Amino acid sequence: MNDGLNWLPRCDDFRPRVKALSLNGNVRWQELVELAAYNLDFVQTNQIDRHLLDWQPEATGTEKPIQTVRIAILSSSTVSHLHAAIRVAGLRRRIQIFVYECDFGQYRQELLDPHSNLYSFQPNIVLFAFDGYHLLGSVRAGSSAQDAEAALDAALAGVSECWSLAKSVFGCTVIQQAVLPIFADILGNNEHRFAGSRASLVVRMNSRLRKLADQSGTHVLSVDHRAARDGIEFWHDVALWHRSKQEIRPPAAPLYGDLVGRLVAALLGRSSKCLVLDLDNTIWGGVVGDDGLEGIVLGQGSAAGEAFVAFQSYASMLSERGIILAVCSKNDEAVALKAFNEHPEMVLKRSQIASFKANWTDKATNIRTIAAELNIGLDSLIFADDNPFERSLLRKELPMVNVPELPEDPALYPQCLADAGYFESISITDDDRARTAQYQLNRVRAELMSSTTDMDGYLQSLKMVLQWRSFDKIGLQRTVQLINKTNQFNLTTRRYTEEAVLAVMSDPDAIGLQLRLIDKFGDNGIIAIIIGKRNDNDLLLDTWLMSCRVIGRKVEQATLNILVDEAKRLGVQRIIGEYRPTEKNGMVREHYQKLGFSKMPFGAVQTEDERHSYVLPLDEYNVTDHPIQLERA
Amino acid sequence: MTEPEIYSDLTTIMQDVLMHDDFVLTPDLTAKDVEGWDSFKMIEIIMAVETHFNFKVQSRQLDSLNNVGDLVTLIKASR
């Protein structure tokens, strides 16, 4: 049984901290983000939310939301008590969420009326939340199988019509809340044999909803799964329904909000990427340095030993779906490695650990190093440690790292990580599956590089092949994923939906390139995306982004050679590149100058865009040397 | 738990839910006497009371709550 945000620590000094919130917008934002990282009940959540609604960014502010999202909840029941929790769940992820709710039960009218408040709100996400009474209210115990089936078909048709409407009107992402199992059984164990049972229709409805959702690119908010885990009484209070038509109990609001928040994070490509594991008493019982290889508790013979094996299996499964694993432990490296290499019950292999830090340096420093080595932000790391002292120390030192409040019993570790939803994803690409192997190879490359002093010789020895092809349906998911989550090596940070990428594919005056880098150690996957648009005699580079994994390998130079060929094919005379500065893309400020572009000559009036534009006349371009073989795939 | 203790805890709960402290709880105080105490806040107060005092308010009892005194009587009966 879960009763809220159990993976977060309780806040012991909530009232005084809320009272002492700073008046400076920068400090206040930071303080609110920190408060949102606690296990707040619904009353505390509402309090934080009130201060969040009052919050204004400072004119010279550095502390502010990384992204803004507008969610419209179109619902058949009362949901105003859920807004605060959704906004605070956004705050927890440094995302500012604006919430709109339709007038009670008016969702269809508002979708159809261009003058409705919904239209002026302009949502980028629409969340449909329908209760079982609304969807299946017409079904009676006496209904025939045929009537029940017809009611189900009609309800599903109505729902999917709403999805299409929302998508076509707002071009937005659609989330559908699964139906909560709120109905009492009439038959019993074999309820499914009773045609007129609303309880069993809810189960069938949810299963068909998911199929429809997958076909139409709609995402599901699985409150039904949570109800199976938490008990329906945690989510739904029948007395409350009769009194106020709230389908979801206020005490469940913080968890509901977080389920929405993690889905939003996944849609924005902001879910966590890496699980950092402590060793002693986290992935095995005991202290390997004291107890020795034979003394640690792992595997057969004890309940605790099996629990640690199960936790390792869980971490291993996360790794197989693309979550990077790292180790951060106070240990002698040799001793720690010996356990990995020699203990017969170890499920996790050294090869699955992309960064291995077993030493006596403090954990905050090690975790900073891990993030730097893997080239990912500190806010995409999860640190799992059994020791409450280490956990609270790390939260203090590195507040942007998520540190789950692991329960005492190791048997409960996997469920704790699952409940926290850090790694929420909406789909899995082939590149996700191959990620661990890629990071492993990066480590080998890095070792080779540190042993060579001749950089050119090293790059030659990698025997790199850059394979490129136009956008296609097979690569579509990965293309959209890269476009939406690459922040550092990204010249313009323009985000594209699936529909927008498809539009590039069908535009004869546009080029969309996906580039894959292969070397003697293996395949790095798709690592760069280019979108260019022809404008008279110019090719305008709308998007140029690259994965940080392959920086420093002259891929940019090789890419430019491809681009020049493509530009010639289009018959243009110049390539124009644009740099749009953000907080994260400072590393590519000089990108175009380094490649031989020059600043645009300006007219009398200089727009913001022109100030950051660079030009390369094709007749002045000499093919650059680079150690990479180009291959059109 | 003495009656003054119940009043003290209830005051804190209601200050948290209503987000102001512009009231003094007395037995005959009703929702219309207090700024922001609407039907939704009433539900939140009940839910917070249920969690804090660890009992469940019945539908019938919910319907017959008229003032703070009624709520305190309910809490006392649950002890």
Side-chain angles (χ1 to χ4, degrees), chain A residues 1-6 10-11 13-19 21 35 39-54 77-85 88 101 104 231 233-256, chain B residues 1 4-25 29-32 34-68 70-75 77-78:
Chain A
M1 161 87 186
N2 183 15
D3 62 358
L5 314 178
N6 282 346
R10 290 263 175 212
C11 187
D13 49 358
F14 184 80
R15 282 193 194 92
R17 282 176 72 172
V18 169
K19 279 215 171 76
L21 279 169
L35 281 168
N39 179 359
L40 307 175
D41 63 27
F42 74 97
V43 177
Q44 292 170 323
T45 300
N46 289 344
Q47 288 175 276
I48 292 295
D49 180 60
R50 200 186 64 170
H51 293 289
L52 178 62
L53 289 174
D54 289 345
S77 66
T78 304
V79 291
S80 49
H81 60 299
L82 305 174
H83 296 194
V88 171
E101 174 186 354
F104 186 80
E233 286 78 11
F234 172 72
W235 284 91
H236 181 75
D237 183 323
V238 187
L240 192 59
W241 174 258
H242 293 317
R243 190 184 165 93
S244 63
K245 294 294 173 278
Q246 290 177 330
E247 191 194 18
I248 291 174
R249 291 169 68 229
L255 185 53
Y256 181 90
Chain B
M1 204 175 203
E5 282 169 344
I6 293 177
Y7 269 96
S8 160
D9 284 13
L10 189 57
T11 301
T12 311
I13 289 172
M14 289 184 50
Q15 284 174 354
D16 284 349
V17 171
L18 300 173
M19 293 186 247
H20 69 81
D21 54 8
D22 195 15
F23 56 86
V24 177
L25 290 192
L29 191 78
T30 65
K32 65 176 179 359
V34 180
E35 171 75 29
W37 186 354
D38 59 16
S39 59
F40 284 116
K41 286 298 168 193
M42 181 63 190
I43 285 165
E44 295 188 6
I45 291 167
I46 298 293
M47 296 270 158
V49 161
E50 286 182 345
T51 310
H52 183 83
F53 294 98
N54 195 21
F55 76 105
K56 185 94 181 77
V57 179
Q58 311 291 322
S59 304
R60 264 191 223 93
Q61 298 169 327
L62 205 56
D63 287 338
S64 60
L65 287 179
N66 292 315
N67 54 32
V68 168
D70 291 345
L71 182 55
V72 172
T73 308
L74 260 188
I75 296 171
S78 76

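Predicted model only: the values in this text are computed from it and were never measured. In what follows, chains carry the letters A, B, and so on, assigned in the order in which the sequence lines appear, proteins first and then strands, with residues in each chain numbered from 1.
Interface summary for chain A: among B:Ile13, B:Ile46, B:Val57, B:Ile43, the most heavy-atom pairs under 4.5 angstrom belong to B:Ile43.
B:Asp70 is linked by a side-chain contact (heavy atoms from CB on, under 4.5 Å) to B:Leu65, B:Asn66, B:Asn67, counting only residues two or more places apart in sequence or in another chain.
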Across chain A and chain B, going purely by atom type as modelled, what donor-acceptor pairs are there at a distance under 3.5 Å?
| from | atom 1 | to | atom 2 | distance (Å) |
| --- | --- | --- | --- | --- |
| B:Asp16 | OD1 | A:Arg15 | NE | 3.2 |
| B:Asp16 | OD2 | A:Arg15 | NE | 3.2 |
| B:Asp16 | OD2 | A:Arg15 | NH2 | 2.6 |
| B:Met19 | O | A:Arg50 | NH1 | 3.2 |
| B:Glu44 | OE1 | A:Asn46 | ND2 | 3.1 |
| B:Lys56 | NZ | A:Asp237 | OD2 | 2.9 |

